[in-house]
Protein chains: 2
Amino acid sequence: MPQTDDHSDDRGRPTVEDTVLGDLIGYRLKRAYMQIQPEAQRVLAEDDLRVVSFSCLSIIADNTGIVQSELADALQMERSNLVVIIDELEQRGLITRKKVPTDRRRYALTATLRGRRLRDRAAEKVRTAEDQIIGRLDDKDRAHLMAVLQRLEDKAR
Amino acid sequence: MPQTDDHSDDRGRPTVEDTVLGDLIGYRLKRAYMQIQPEAQRVLAEDDLRVVSFSCLSIIADNTGIVQSELADALQMERSNLVVIIDELEQRGLITRKKVPTDRRRYALTATLRGRRLRDRAAEKVRTAEDQIIGRLDDKDRAHLMAVLQRLEDKAR
DNA sequence: GGATAATAGTTATAGTCAATAACTATTAAT
DNA sequence: ATTAATAGTTATTGACTATAACTATTATCC
């Protein structure tokens, strides 16, 4: 009987039971995310971007004139934590900030040409990295996954 | 033309474009997780558990005699960060720690009856909370989601 | 029209969490 | 028997998130 109680198989791979935990959506989501995130972080770091600054840049690129509050809403983060990120993107010449004439409290954010190009390139790299990790989870499953995740997100609100 | 450029619809709902970002698996996973996590945290807090301590307790309950290194491996966390969590679970009488006679470096972890009961109850509550959030995403989609996430996780290694 | 509320952006700060290094005790490898 | 590696522990650090407090500006409502 080769099955011992040391919780590992013959290849040293853990065989830890997690049926209860593993049946929770939150657990599976987090673990799946933990596979992807470090790689995304790595490729983005090559362009001196963090995941969060890439996300900001990407939303700004697709929503010319968006203001910080709206951006914070969209990314579900605190306005206050956005400030330094926006500062850096502006200093690097990836976005511009200009006062909204009709409401001088607000700043309209716009991606520069450099910003848009960097976004496009970075997005492509992240997408490629993801594809390598998931071993080209076939297109149908990928599409279904994305649709279900999107719905899950929508339902939650 | 009611469509303005303020990135919100008539109900104040944001209509921010995120096609590039939204097509990344990592982004969708994170956002889906962010819907679930706070609720899981909330129901677990009712039993003075954090997500991570619940996860530990659950794995221990299903793997009698597991040692800390194996647990850290299973949950993909650092051994060092486990220590305080294990300490607390032991102090609360939810698990026991006893030296492994054949290897005195290791401690065998076992859930007590109280520990197992708490785990079962807490898992049930988390599961219920998840179901409420996802609005009973139908069983077929749920099963498919879990299967794909599991595969995604496996492929990544 | 003027007092009061709310909103946008900012700053500073505190709490949480994960990662790292260094250490002791014990076992495995050569 | 010496050297390596492993298990658990402690302390510390850096990153990230949340919160409160503040200024400037706009919206609300008597």
Side-chain angles (χ1 to χ4, degrees), chain A residues 6-8 12 14 30-31 33-35 37-38 40-42 44-45 48-56 60 65-91 95-109, chain B residues 6-8 12 14 16 26 30-31 33-35 37-38 40-42 44-45 48-56 60 65-91 95-109:
Chain A
D6 72 347
H7 310 289
S8 57
K30 181 171 192 181
R31 289 181 68 96
Y33 178 65
M34 284 171 59
Q35 308 301 324
Q37 202 273 349
Q41 191 170 69
R42 193 183 60 75
L44 289 172
D48 295 304
L49 287 169
R50 290 184 298 151
V51 170
V52 64
S53 40
F54 166 70
S55 301
C56 288
I60 295 168
I66 193 172
V67 299
Q68 287 177 219
S69 306
E70 291 165 347
L71 179 56
D73 262 15
L75 291 176
Q76 292 173 234
M77 57 186 294
E78 294 297 321
R79 302 192 307 311
S80 59
N81 292 328
L82 255 180
V83 179
V84 289
I85 297 162
I86 297 299
D87 281 350
E88 201 205 322
L89 292 177
E90 188 187 22
Q91 278 160 23
I95 64 168
T96 61
R97 230 197 296 224
K98 64 171 193 240
K99 276 209 169 73
V100 175
T102 59
D103 186 343
R104 290 180 310 175
R105 288 172 302 185
R106 317 173 97 189
Y107 288 91
L109 306 175
Chain B
D6 72 347
H7 310 289
S8 58
V16 172
K30 181 171 191 179
R31 289 181 67 96
Y33 178 65
M34 283 170 59
Q35 308 301 325
Q37 203 273 349
Q41 191 170 70
R42 192 182 60 76
L44 289 172
D48 295 304
L49 287 170
R50 289 184 299 149
V51 170
V52 65
S53 41
F54 166 70
S55 301
C56 288
I60 295 168
I66 193 173
V67 299
Q68 288 176 217
S69 307
E70 291 165 347
L71 179 57
D73 262 15
L75 292 176
Q76 294 175 230
M77 57 185 296
E78 293 298 321
R79 302 194 303 310
S80 58
N81 293 327
L82 255 180
V83 179
V84 289
I85 296 160
I86 298 299
D87 282 349
E88 201 205 322
L89 291 176
E90 188 187 22
Q91 278 161 24
I95 65 168
T96 61
R97 229 195 299 221
K98 64 169 191 243
K99 276 209 170 73
V100 176
T102 59
D103 186 342
R104 290 180 309 175
R105 289 172 302 185
R106 318 173 94 189
Y107 287 91
L109 306 175

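Note that these values count all heavy atoms, side chains included, but never hydrogens, waters or copies made by symmetry. Within every chain, numbering begins at 1; the chains are lettered A, B, ... in the order of the sequence lines, protein sequences first and strands thereafter.
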Problem set entry | Residue whose closest nucleotide on DNA chain C lies nearer the 5' end, A:Asp103 versus B:Arg79 | A:Asp103

Problem set entry | pair B:Glu78-B:Val83: side-chain heavy atoms closer than 4.5 Å | no

Exercise. DNA chain D: A:Val100 or A:Met77, which has the more 5' nearest nucleotide?
Worked result: A:Met77

Problem set entry | Per B:Ser69 side chain, nearest of listed nucleotides C:dT20, D:dA18, D:dA7 | D:dA7

Problem set entry | A:Arg42 side chain reached by A:Gln37 side chain, heavy atoms, under 4.5 Å | no

Exercise. What is the distance from CG of A:Leu71 to P of C:dT7, rounded to the nearest Å?
Worked result: 19 Å

For this session: Decide, for D:dA4, between syn and anti: a glycosidic angle within 90° of 0 counts as syn, anything else as anti.
Result: syn

Exercise. Which nucleotide, D:dA5, D:dA24, D:dT17, lies nearest any side-chain atom of A:Arg105?
Worked result: D:dA24

Exercise. Is A:Arg97 near enough to C:dT10 that one of its side-chain N or O atoms lies under 4.0 angstrom from OP1 or OP2?
Worked result: yes

Problem set entry | Nucleotide of D:dG8, C:dG9, C:dA18 approaching A:Lys30 most closely (side-chain heavy atoms) | C:dA18

For this session: Can you tell me the distance, in whole Å, between the OH atom of A:Tyr33 and the P atom of D:dC16?
Result: 11 Å

Exercise. Expressed in angstrom and rounded to an integer, what is the separation of A:Lys98 atom NZ from C:dA8 atom C1'?
Worked result: 18 Å

Problem set entry | Rounded distance [0.5 Å steps], CZ in A:Arg106 versus CD1 in A:Ile66 | 10.0 Å

Exercise. Whole Å only: how far is the CG atom of B:Asp73 from the P atom of C:dA18?
Worked result: 16 Å

Exercise. Does the side chain of A:Tyr107 come within less than 4.5 Å of A:Lys99's, by heavy atoms?
Worked result: yes

Problem set entry | Length of the CD-C1' vector between B:Glu70 and D:dT6, whole Å | 12 Å

Problem set entry | Rounded to 10 degrees, the angle between the two terminal axes of the helix from C:dA6-D:dT25 to C:dT26-D:dA5, each from five pairs | 10°

For this session: Round to the nearest Å and state the distance from B:Leu44 atom CG to C:dT16 atom P.
Result: 16 Å

Problem set entry | Backbone N/O of A:Val51 and side chain of A:Ser55: donor-acceptor pair under 3.5 Å | yes

Exercise. Is there a donor and acceptor pair closer than 3.5 Å between the side chain of A:Arg104 and the base of D:dT25?
Worked result: no

Exercise. Taking C-beta and beyond as the side chain, do B:Val67 and B:Leu109 meet within less than 4.5 Å on heavy atoms?
Worked result: no

Exercise. Below 4.5 Å, heavy atoms only, C-beta onward: do B:Arg97 and B:Leu89 meet side chain to side chain?
Worked result: no

For this session: Answer yes or no: is there an ion pair linking B:Glu70 with B:Arg79, defined by an N-O contact shorter than 4.0 Å?
Result: no

For this session: Examine C:dT10: is either OP1 or OP2 under 4.0 Å from a nitrogen or oxygen in the side chain of A:Gln68? Give yes or no.
Result: yes

Exercise. Would you say A:Arg106 reaches C:dA8's phosphate, i.e. side-chain N/O to OP1/OP2 under 4.0 Å?
Worked result: yes

Problem set entry | Residue pair B:Arg31 / A:Gln76, side-chain donor-acceptor N/O under 3.5 Å | yes

Seminar exercise, completed: Atom CZ of B:Arg50 and atom C1' of C:dA18 are separated, to the nearest Å, by 12 Å

For this session: For D:dA11, measure the glycosidic angle (O4'-C1'-N9-C4 for a purine, O4'-C1'-N1-C2 for a pyrimidine) and name it syn if it falls within 90° of 0, otherwise anti.
Result: anti

Problem set entry | Length of the line joining A:Gln37:CD and D:dA15:P, which is rounded to integer Å | 14 Å

Exercise. In residues 80-88 of chain A, which residues come under 4.0 Å of DNA chain C by heavy atom?
Worked result: A:Ser80, A:Val83

Problem set entry | Flag side-chain contact, heavy atom, 4.5 Å: B:Gln68 against B:Ile60 | no

